[in-house]
Amino acid sequence: MKQEFIITVYSENNIGLLNRLTINFTRRKINIESLTVSASAIQGISKFTIVINETEERVKKVVGQLEKIVDVLKAFYHTNDEMVFQELALYKVPTEALYESDKVEHMVRNSGARILEITKEFTVIEKTGHKEETKQLFDDLSQFGVLQFIRSGRIAITRDPIERLSEFLKERDALLEAMD
Amino acid sequence: MATKRVTGSQAVILSLLEEGVDTIFGYPGGAIMPIYDALYDFDKQIKHILTRHEQGAVHAAEGYAKVTGKAGVCFATSGPGATNLVTGIADAQIDSIPLVCITGQVASPLLGTDAFQESDVIGITMPVTKWNYQVTCVEELPEAIAKAFYIAQSGRPGPVVLDIAKDVQFQELDFEYKKCTKIRSYIPEYAVDPFKVKEAAELIDAAKKPLLLFGQGVIIANAEEELKAFIEKTGIPAAWTLLGLSALPSDHPLNVGMLGMHGNYGPNIKTNEADLIIAVGMRFDDRVTGKVSSYATNAKIIHMEVDPAEINKIVKVDVGVLGSAKRSLPMLTMNVKENKHEAWLQEFRDCDKIEQEKVIQKDTYPTKEGLTMGEAVRMVSEKANHDAVLVTDVGQQQMIASRYFKFTQSKSNVTSGGLGTMGYGVPAAMGAQLGAKDRTVCCFVGDGGFQMTLQELGTIAQNKLPVKIILLNNNFLGMVRQWQQLFFDRRYSFTELQNPDFIMITNGFGIPAHKVTKREELEAGVKKMMEHDGPYLLEVVVEKEDNVFPMVPAGASVSDIILEA
């Protein structure tokens, strides 16, 4: 059964690696729902957070292929339950909607969003949350005409008390030392 | 090692020398000219083979790598030169062949401007390389080359592309070379887990009908003796994949033949009767398994493999033993009990008898009119004392040669397995001959594949490579025609060829050639070819509509193997 999985890939910070990673999904015709790349807590190591909808069996196999990439240190996959995750959304609405009633203000307050910028013509609202939450605010604001909308890729951290990559790197360093 | 001031181009050549490279296959052009210029000063240390097409260079490098176990090296220029390598790189990727391909690139200020002969070599080759890298800074060159060789040759081998910008080739650096021995993010081979070995040994000791399947992983790991020791202690019958061919001598009493679509009857049909499959260095390719859902249905499966991503990829295994066969097999041999499976082995011999009567005898000792591919293969193998390097193109001749050619030593089979690249045979044979200078190289090609790369006859002639080419001519794209006959109601859609005079063409390249059309001419023709001191082409005109059997129809179970149409 297909479900949402979060794949986390830790890698060296090298040019071209994003392409090398994503072709693994392309050739298996797996759609990437969202993708975020950033520095990790460990210096020099990049972290890719990739969200896909797939069966666990296929996810396992694709993770195996990702780990084969020379510059990849380690790849993990998790279900949503196993991670704390967020996305960021920005909405641009006409400023006159704020003047006409207090509805927009209520929506912003009730959803835990915040206003980033107000000009005569438009107001920019920011909200972080799960996709369903940012989508809900979009639907609510739609009655006033959303001029622009953007949602970021997912960022996620595990619920594990330990940082699995740190453990992994310790093991890897020991292995490399043994190779000397 | 003391440093010395050299150009990027000189650094490339010096680095290759440090890696022990003695042969390069290539084709010069504008963007790689500085490297070729540097190579000019090293013609005593490095032999460069000028092929007639970059595809010839890369297949030759594959052939060289297959017989030596070392990385094959090729040079090509930017743009079309580099893109012409792509088929061979993809071929090497799927067949796990170590290659280092060095391509020239436009000067770094021109990158991304659609400059003359610019192509995105890194982007194009990314899906078909183990690693690739563009060098745009001269100081990076020695380290990049060292990494390239380490990655190409270690663990599960594969092709690597280094794309070197032209300005880098002119710039100077203080050259110092250090071989790469480790990369933080890359572990080529994991240590064998003794607990897994123990689990595997318990399954082996308990099995009544075990069958061992071995692939190229045994050859890559140089684990031929370890394989033999294991099967001889346990008495387990062993069958080979197309790429595992030659790892075990053909006449070994426990060698029960080839697996897969055109493999032998016994190993295919007995796969579904076995209660244990021990897969060593093979990857359960679909040509081996047929329909996966009905594959090895009665068997527990042990998979011994160097690449973790292969375990459980196609077939769910009971015990996965990660690591090189060179290390894992002796551990397993130590842990298993001595055994004999005489009754089980006899079942394979009974299958052999059936296949012998229904297929092999008719193929190799035919009585009806018209030459068969099988008798030509048998004759060449016999005249070579079953000790030649076999190179094949792709198609019916490949399957027939793999079935009937006999082997006494390993690293004697050069073929395009995973990608099935027509046009592979002739250039791969050149490379094989250069890698195995003292051995006889017999290359079987069909009339279709031969015409894809026959320009390499020029390279063979120029370098006086004593390759024996056996052209099995049936005036058809034989394998496609066979499928059309069996599965497309004999609708021979665009598979019949109007062929040129191959003898005249070969002679035109300065290579002697002879054509055989009758059975009574075959032996003398083969003998003459084998005795000739130099390259030679023997054209054997075979039956137009000869088929390769047995056959597991595509998508069918291995136990549905058919012996005749």
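To find a chain, count down the sequence lines: A is the first, B the second, and so on, and within it residues start at 1. We use all heavy atoms of the structure for the numbers below, so side chains are in, but hydrogens, waters and symmetry mates are not.
- When heavy atoms are compared at a cutoff of 4.5 Å, Arg20(A) approaches chain B by way of both its backbone and its side chain.
- For a residue to count as touching a neighbouring chain, one of its non-hydrogen atoms must lie under 4.5 Å from one of that chain's; by this rule Pro308(B) does not touch chain A.
- Looking at Arg156(B), only its side chain comes within 4.5 Å of chain A, counting heavy atoms on both sides.
- Using bins of under 30°, 30° to 60° and over 60° for the plane-to-plane angle, the ring pair Phe149(A)/Tyr91(A) lands in the tilted bin.
- For Asn312(B), the part lying near chain A is the backbone, with the side chain staying farther off; criterion is any non-hydrogen pair under 4.5 Å.
- Atom NZ of Lys47(A) sits in a crowded spot, with more than 12 heavy atoms from other residues, nucleotides or ligands closer than 6.0 Å.
- A distance-only check finds a donor-acceptor pair linking the side chain of Glu82(A) to the backbone of Thr79(A) [under 3.5 Å].
- For an aromatic pair to be called close, the ring centres must be under 6.0 Å apart, and Tyr10(A) with Phe168(A) fails this.
- Taking the six-membered ring for Trp, Phe5(A) and His78(A) have ring centres at least 6.0 Å apart.
- Looking at Ile122(B), neither its backbone nor its side chain comes within 4.5 Å of chain A, counting heavy atoms on both sides.
- There is no contact between Ile15(A) and chain B, counting heavy-atom distances below 4.5 Å.
- Of the two parts of Val72(A), only the backbone, made up of N, CA, C and O, holds a non-hydrogen atom closer than 4.5 Å to a non-hydrogen atom of chain B.
- Scanning both residues, Thr134(A) and Glu87(A), for their nearest heavy atoms gives CG2-O, 4.5 Å.
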